[in-house]
Amino acid sequence: KGEHMEKAVQQGVMRQRIDAKAVSMGSNTVTFHLTGEETGGLYSLTEFIMAAPPAPGPPMHIHGAESEATYVLEGELLFTLGERSIKASKGAVLFIPRGTKHGLSNLGPGTAKILVILTPPGFEKFWEEMANLLKVSGGKPDPTNVLSLQQKYPMDTGGKPRQV
C-alpha cells in the first residue's frame with residue numbers, strides 16, 4: 001500500500017467523482033476526493049452533502065491538529081467562527097485556523113454541498129471511522145465510542161459526542 005501511495009503522490013491523481021470513495025455518515029454523504037496519503041501529507045479534500053434540516057450539523061468544535069477551509073458549492077449554511085456567524089451561500093468560504101472554535105449548520109430548506117480542505121490531513125479518517133461506527137451500530141453508536149473517536153482525532157466538542 002505504501003508503494004502504491006508513493007507512486008500516486010509522484011504521478012498525481014486523476015479520477016472522476018464517481019470513482020472517489022464515498023461513505024454514509026448518518027443522513028450525510030461524505031466523499032473522499034483526495035486523502036492525505038494521496039497528497040504526500042500536504043492536505044485532504046473531502047466533499048459533504050449535508051442533509052436538510054432538522055438533521056444536525058457538527059457541534060461547535062475545535063480541531064487540535066489541523067486548519068480547515070470550507071467552500072460552499074450548494075445550499076445555505078450558517079458558518080460560525082468563534083463568536084462571529086454569517087449566512088453562507090454558494091461561493092462562500094470559511095478558513096478556520098487550528099485551535100479555533102467553529103461550527104456550521106445547514107439552514108435548508110434542501111441539502112447543502114461543501115468542500116473541506118484540511119491541512120495537515122488525517123481528520124478525514126475520523127469521518128470514515130465515524131461512518132463505520134454508524135454502520136455497525138445500526139445508526140445509533142454508543143456515545144462513549146463517539147467520544148473516544150473524537151479524542152483519537154483531536155476534536156474538542158466540550159465533551160459532547162458528535163450526532164448525525
Side-chain angles (χ1 to χ4, degrees), residues 21-37 39 41-108 110-137 139-164:
K21 181 177 182 176
V23 297
S24 173
M25 202 167 91
S27 52
N28 302 309
T29 301
V30 183
T31 304
F32 304 102
H33 290 291
L34 290 170
T35 65
E37 289 86 4
T39 66
L42 296 174
Y43 63 92
S44 64
L45 177 65
T46 307
E47 174 188 295
F48 278 80
I49 299 176
M50 297 177 67
M60 288 292 287
H61 62 282
I62 297 170
H63 293 288
E66 52 280 311
S67 294
E68 175 181 341
T70 299
Y71 182 82
V72 180
L73 295 169
E74 297 173 6
E76 298 285 333
L77 295 108
L78 179 68
F79 282 167
T80 303
L81 185 60
E83 301 299 317
R84 302 174 291 153
S85 293
I86 66 164
K87 184 176 178 182
S89 55
K90 184 177 180 176
V93 67
L94 172 68
F95 171 69
I96 307 119
R98 176 182 50 219
T100 304
K101 193 172 195 175
H102 66 284
L104 65 148
S105 58
N106 184 355
L107 296 173
T111 60
K113 188 186 293 188
I114 59 172
L115 283 177
V116 177
I117 299 169
L118 294 166
T119 184
F123 192 81
E124 69 274 16
K125 292 177 182 166
F126 167 85
W127 296 315
E128 190 170 9
E129 287 191 45
M130 184 70 178
N132 189 54
L133 265 183
L134 286 159
K135 186 177 179 180
V136 300
S137 69
K140 300 192 184 306
D142 181 326
T144 306
N145 291 340
V146 175
L147 285 170
S148 222
L149 193 56
Q150 289 173 192
Q151 290 167 353
K152 180 178 177 181
Y153 298 97
M155 176 184 176
D156 179 2
T157 58
K160 298 176 192 162
R162 167 91 159 83
Q163 296 181 16
V164 289

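Model, not experiment: these values are computed from the prediction.
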Does some side-chain heavy atom of [Y] sit less than 4.5 Å from a side-chain heavy atom of [X]?
{"X": "Trp127", "Y": "Val116", "answer": "yes"}
{"X": "Pro58", "Y": "Leu104", "answer": "yes"}
{"X": "Leu118", "Y": "Thr46", "answer": "no"}
{"X": "Phe32", "Y": "Val23", "answer": "yes"}
{"X": "His61", "Y": "His102", "answer": "yes"}

Closest non-hydrogen atom pair, [X] against [Y]:
{"X": "Gly159", "Y": "Leu147", "result": "O-CD2, 3.5 Å"}
{"X": "Gly26", "Y": "Leu134", "result": "N-CD1, 3.3 Å"}
{"X": "Thr31", "Y": "Ala22", "result": "OG1-CB, 3.7 Å"}
{"X": "Gly82", "Y": "Met60", "result": "O-CE, 4.0 Å"}
{"X": "Ser24", "Y": "Ala131", "result": "O-CB, 3.2 Å"}
{"X": "Pro121", "Y": "Gly41", "result": "CD-O, 3.2 Å"}

Query - Result of checking Leu107, Thr70, Val72 against Leu77 for side-chain contact (heavy atoms from CB on, under 4.5 Å) - result: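 Result: among Leu107, Thr70, Val72, Val72 is the only option passing the side-chain contact (heavy atoms from CB on, under 4.5 Å) with Leu77.
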Of Ile114, Ile49, Leu115, which meets side-chain contact (heavy atoms from CB on, under 4.5 Å) against Leu73?
->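 Looking at Ile114, Ile49, Leu115, the match for Leu73 under the side-chain contact (heavy atoms from CB on, under 4.5 Å) is Leu115.
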Using atom types as modelled and distance alone, determine if a side-chain donor or acceptor of [X] lies under 3.5 Å from a backbone N or O of [Y].
{"X": "Asn106", "Y": "Pro53", "value": "no"}
{"X": "Thr100", "Y": "Ile96", "value": "no"}
{"X": "Gln151", "Y": "Leu149", "value": "no"}

Legend entry - Atom CZ of Phe123 with >12 non-hydrogen neighbours under 6.0 angstrom: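 Correct, the count exceeds 12.
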Nearest-0.5 Å distance that lies between atom [atom1] in [X] and atom [atom2] in [Y]:
{"X": "Leu42", "Y": "Ile117", "atom1": "CG", "atom2": "CD1", "result": "12.0 Å"}
{"X": "Met155", "Y": "Glu66", "atom1": "CE", "atom2": "CD", "result": "10.0 Å"}
{"X": "Lys113", "Y": "Lys90", "atom1": "NZ", "atom2": "NZ", "result": "10.0 Å"}
{"X": "Thr35", "Y": "Lys125", "atom1": "OG1", "atom2": "NZ", "result": "7.5 Å"}
{"X": "Tyr153", "Y": "Met130", "atom1": "OH", "atom2": "CE", "result": "12.5 Å"}

Passing candidate, side chain to side chain donor-acceptor pair (under 3.5 Å) with Gln150, options Asn145, Thr157, Asp156
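When Asn145, Thr157, Asp156 are each tested with Gln150, the side chain to side chain donor-acceptor pair (under 3.5 Å) holds only for Thr157.
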### Query
salt bridge (Lys or Arg N to Asp or Glu O under 4.0 Å): which pairs involve residues 127-136, sequence neighbours left out?
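Listed by first then second residue: Lys21-Glu128, Glu129-Lys152.
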Modelled atom types, side-chain donor and acceptor of Thr119 and Ser67, under 3.5 Å
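Per modelled atom types, Thr119 and Ser67 side chains form no pair under 3.5 Å.
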